[in-house]
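What follows is one structure encoded as structure tokens, with my remarks underneath.
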Amino acid sequence: MLSPVLGWGGLLLLIVTGPVPTAIVVVGLATHGLVLLQTLERRNEDMVARTVEDVTEHGYRNVCVVVGAKHLEGMVREFEDRGFDVAVADFS
């Protein structure tokens, strides 16, 4: 919540100025984290749904999906829940 407005430097400055600003920062960071998590999960679901739609529409049998590390676990779970066999190649 506050980090896009203040930036991390601003958040660190508020933490050391007293208990009330610290409480505001903690609540802001928690809210920001929850929003990011919900956004990540929603994006995972949307990306999998679009991929499944394309696979079904075109009759593909094998598909390579390249995603960032934060999406990997959620998307693998989402594909498996939809009945797809998933193999992960981690090149990190």
Side-chain angles (χ1 to χ4, degrees):
M1 182 171 83
L2 295 175
S3 62
V5 175
L6 300 174
W8 289 107
L11 292 176
L12 294 175
L13 179 64
L14 285 176
I15 288 173
V16 297
T17 61
V20 173
T22 301
I24 291 170
V25 169
V26 168
V27 169
L29 287 173
T31 302
H32 183 68
L34 290 173
V35 168
L36 287 178
L37 181 60
Q38 289 175 346
T39 301
L40 181 67
E41 290 173 359
R42 188 171 49 249
R43 287 188 64 211
N44 290 344
E45 292 168 3
D46 290 346
M47 288 188 288
V48 168
R50 285 193 312 266
T51 303
V52 169
E53 185 179 307
D54 284 344
V55 165
T56 304
E57 180 180 330
H58 298 286
Y60 298 140
R61 297 188 61 175
N62 295 301
V63 178
C64 176
V65 178
V66 180
V67 298
K70 292 286 186 188
H71 293 283
L72 187 60
E73 183 180 327
M75 288 184 69
V76 166
R77 184 175 50 251
E78 189 73 24
F79 274 117
E80 289 175 342
D81 287 349
R82 292 172 182 248
F84 287 85
D85 292 324
V86 178
V88 177
D90 185 357
F91 297 106
S92 58

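Because the structure is a prediction, the values reported are computed rather than measured. Below, each value reflects all heavy atoms present in this structure, side chains not excepted, and no hydrogens, waters or symmetry copies.
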Counting only heavy atoms not in Glu80, do more than 12 fall under 6.0 Å of its CD? yes
Close side-chain approach of Asn44 and Glu78, heavy atoms under 4.5 Å: no
Within a strict 4.5 Å, meaning less than it, do heavy atoms of the Phe84 and Val48 side chains meet? no
Please say yes or no: joined through hydrophobic side-chain contacts below 4.5 Å, possibly via intermediate residues, are Val88 and Val63 part of one cluster? yes
Out of curiosity, does Leu40 fall in the hydrophobic cluster containing Val67 (side-chain heavy atoms, cut-off under 4.5 Å, transitive links)? no
Given the rule that I, L, V, M, F, W and Y join up when any side-chain heavy atoms are under 4.5 Å apart, are Tyr60 and Val76 in one cluster? yes
How long is the span from the CD atom in Glu45 to the CZ atom in Arg77, to the nearest 0.5 Å? 9.5 Å
